[in-house]
Amino acid sequence: MALADDLAIYALGYYMHESHPVRLDHLCLNTVQRRNPCDICGTVCPKGLSIYESKPDWHGCINCNLCVSACPTEAIHESSSSFAALTAALDSATDAIVFGCPKAQGHVDVTVPCLAALPWEVLATAALTRTAVVKTHPCKECDDQASFDGVKDLLRTLRRFFGKEEFARRVLSAEPKDRRAARGTLRRQAFGSAVGALAAGAEAAVNPGSVIMSHYRAMLVEALESLPDDERPQVTWPTLEEDGNCQGCEICVRICPHHAIELRIPGQAEYQELREAEKRAKRAPRRLAEGEAPPMSVEEARAAYDAAVGHAREEGIGQALIHDASLCTQCGLCYMTCPNENLGGWDAITTANVPALVEHPVSLRLCEKCGRAFKPEGDEVACKACSRVNFF
């Protein structure tokens with residue numbers, strides 16, 4: 001099946017032929033938290049629509065897609081009409097794909113109301129699979145200062161992502177003349193593999209909560225993964241800074257809309273099962289009388305815990321707060337909700353690896369009552385919550 005057909009099916013299932021952008025509520029900052037209301041989408045909307053409300057009002061939408069690129073969690077996706085136009089152009093473009101606004105002169109493969117409306121991942125994906133040509137000449141004469149600044153931010157993000165030399169090689173301001181004749185030949189297979197991940201988006205029509213990253217980021221990640229190791233460039237992702245004082249509460253892990261943060265405590269799951277097995281052992285006479293056999297004995301649970309910890313020690317796997325920079329959109333939810341304010345600020349990781357993981361070592365202990373991780377003060381063996389309650 002052709003690439004355009006694959007993406008048309010995806011668009012059909014995901015957007016249900018909407019003529020305006022669609023907001024994925026489970027990724028919206030205002031759905032995930034209420035402490036710091038976000039109205040960025042409404043601020044950039046030229047019609048001043050209240051897109052950020054619990055029930056967005058799209059009446060009067062001109063389908064400019066500025067809210068799409070502005071959303072910090074990429075919770076807003078373009079309309080089916082915009083998506084169909086983009087994918088058709090990607091499927092039929094030359095080795096160099098040209099992006100421009102209606103004021104751009106000459107050949108343009110993808111025409112958007114404003115270049116600032118393009119998610120940077122779309123241009124990055126095009127630049128990985130062919131040459132991306134961004135016709136910015138009309139921007140210099142644009143009366144909309146906010147849009148002009150948005151285009152500058154877009155190019156700045158791409159330059160930071162690829163690095164100065166790779167950016168100059170992959171992102172051009174004019175289409176090379178020697179590339180306009182050949183239609184979609186170089187790296188077509190790689191590009192098809194990159195956007196193949198989008199077909200999974202049809203699942204969102206049935207289960208919207210299953211989507212943990214926008215299809216723009218999915219395109220980019222898949223494009224990187226599809227490239228051979230010797231052709232994959234070193235790219236730079238922003239990554240979280242952590243001051244080493246993690247308390248193990250996992251609030252950042254639970255609140256991240258893109259599952260970009262993980263707390264790794266070797267043996268934690270096995271330790272919690274051991275605690276449960278010990279509780280069951282104390283209730284064994286009653287449970288056995290009711291004909292209910294415990295799923296795991298204390299001895300089996302202790303052996304599983306010892307094995308997990310021993311394996312981690314042999315492999316040199318320690319406790320860490322892990323940030324997947326290739327999934328992160330820098331929405332800031334993690335450091336806004338961190339109760340100890342030990343998250344905050346941004347560093348950078350330059351790597352060809354996907355996922356782009358950064359590990360921050362932590363020093364935590366597992367609570368002897370509930371099995372959850374916590375940062376002890378002195379010789380504490382139970383977390384603060386369990387210290388206030390007598391479970392035994």
Side-chain angles (χ1 to χ4, degrees), residues 25-36 38 72-73 75 209-213 217 237-277 279 301 304-305 308-309 311-313 315 317-347 349 355-378 380-389 391:
D25 288 342
H26 69 285
L27 296 182
C28 177
L29 281 176
N30 294 328
T31 301
V32 180
Q33 57 83 46
R34 298 180 182 275
R35 180 182 299 178
N36 298 284
C38 176
T73 59
S210 66
V211 178
I212 63 170
M213 62 176 165
R217 185 57 61 92
W237 306 91
T239 184
L240 270 173
E241 290 184 343
E242 197 272 332
D243 65 6
N245 195 37
C246 175
Q247 303 293 307
C249 66
E250 295 189 273
I251 291 177
C252 59
V253 176
R254 294 191 296 270
I255 202 168
C256 177
H258 299 293
H259 299 190
I261 306 177
E262 174 191 356
L263 182 63
R264 184 184 66 203
I265 307 295
Q268 182 176 16
E270 291 79 7
Y271 187 79
Q272 289 176 329
E273 179 57 39
L274 175 58
R275 299 276 74 81
E276 290 298 319
K279 293 179 184 179
Y305 170 68
V309 173
H311 174 73
R313 188 179 297 113
E315 298 294 326
I317 302 174
Q319 298 181 355
L321 185 71
I322 303 173
H323 181 236
D324 185 347
S326 56
L327 291 183
C328 178
T329 63
Q330 292 182 275
C331 68
L333 267 177
C334 51
Y335 58 76
M336 284 192 291
T337 56
C338 179
N340 299 290
E341 298 183 350
N342 63 288
L343 291 175
W346 297 93
D347 201 352
I349 174 176
L357 302 179
V358 179
E359 298 189 5
H360 300 277
V362 298
S363 181
L364 303 173
R365 178 178 292 176
L366 295 177
C367 175
E368 290 190 358
K369 293 184 178 181
C370 68
R372 289 194 293 264
F374 75 103
K375 192 173 184 66
E377 297 179 1
E380 290 179 329
V381 296
C383 65
K384 288 181 171 60
C386 291
S387 296
R388 294 193 292 264
V389 180
F391 283 94

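Just so it is clear, the model here is predicted, and its values are computed rather than measured.
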Asks: Quick one: closest heavy-atom pair of Pro72 and Leu29, and the distance?
Replies: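 That would be CG-CD1, 3.6 Å.
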Asks: When rounded to the nearest 0.5 angstrom, what distance separates SG in Cys338 from CD1 in Ile261?
Replies: 9.5 Å
Asks: Provide the closest heavy-atom pair for Cys367 versus Cys370 in the form atom of the first, atom of the second, distance.
Replies: SG-N, 3.4 Å
Asks: Rounded to the nearest 0.5 Å, what separation is found between the CG atom of Leu327 and the CG atom of Leu357?
Replies: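 One gets 8.5 Å once the value is rounded to the nearest 0.5 Å.
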Asks: Evaluate side chain to side chain contact (heavy atoms under 4.5 Å, CB included) for Asn245 paired with Lys375, printing each intermediate quantity in order.
Replies: CA-CA 8 Å; Asn245 195 37; Lys375 192 173 184 66; 3.3 Å; yes
Asks: Can you tell me how far CD of Glu241 sits from CG of Asp347, rounded to the nearest 0.5 angstrom?
Replies: 5.0 Å
Asks: Indicate yes or no: at least one non-hydrogen side-chain atom of Leu321 is less than 4.5 angstrom from one of Cys252.
Replies: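 Yes. Closest side-chain heavy atoms under 4.5 Å.
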Asks: On a heavy-atom basis, which atom in Leu240 and which in His323 lie closest, and how many Å separate them?
Replies: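 Distance-wise, the nearest heavy atoms are N-ND1, 3.3 Å.
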Asks: Might you work through the side chain to side chain contact (heavy atoms under 4.5 Å, CB included) test for Arg365 and Val381, ending with a clear yes or no?
Replies: CA-CA 8 Å; Arg365 178 178 292 176; Val381 296; 4.1 Å; yes
Asks: Ala325 and Arg217: which non-hydrogen atoms are nearest, and at how many Å?
Replies: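 Here Ala325 and Arg217 meet closest at O-NH1, 4.1 Å.
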Asks: In Å and rounded to the nearest 0.5 Å, what is the CD to CD distance from Glu273 to Glu276?
Replies: 7.0 Å
Asks: Within this structure, what is the NE2-CZ distance for the pair His360 and Arg264, rounded to the nearest 0.5 Å?
Replies: 12.0 Å
Asks: Would Glu242 and Asn342 count as a side chain to side chain contact (heavy atoms under 4.5 Å, CB included) if you check the C-alpha gap in whole Å, the side-chain angles of each, and the deciding distance to 0.1 Å?
Replies: CA-CA 6 Å; Glu242 197 272 332; Asn342 63 288; 2.9 Å; yes
Asks: What closest approach, in Å, do Gly248 and Leu263 show between heavy atoms, and which atom pair accounts for it?
Replies: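 In this case the closest contact between Gly248 and Leu263 is CA-CD2, 3.9 Å.
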Asks: Minimum heavy-atom separation for Arg372 to Cys383, with atom names?
Replies: NH2-SG, 4.4 Å
Asks: Report yes or no: does Asn30 contribute a side-chain atom to a donor-acceptor pair with the main-chain N or O of Cys38 at less than 3.5 Å?
Replies: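 Answer holds: yes.
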Asks: Between Tyr271 and Glu368, is any pair of side-chain heavy atoms under 4.5 Å apart?
Replies: yes
Asks: Report the C-alpha separation of Asp324 and His259 in whole Å, then their side-chain angles, then the decisive distance to 0.1 Å, and conclude whether the side chain to side chain contact (heavy atoms under 4.5 Å, CB included) test is met.
Replies: CA-CA 8 Å; Asp324 185 347; His259 299 190; over 6 Å; no
Asks: Quick check for you: to the nearest 0.5 Å, what is the distance between Gln268 atom CD and Leu366 atom CG?
Replies: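 These two atoms lie 5.5 Å from each other.
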Asks: So, the side chain of Thr73 versus the backbone of Cys331: is there a donor-acceptor pair under 3.5 Å, distance only?
Replies: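 Checked: no pair found.
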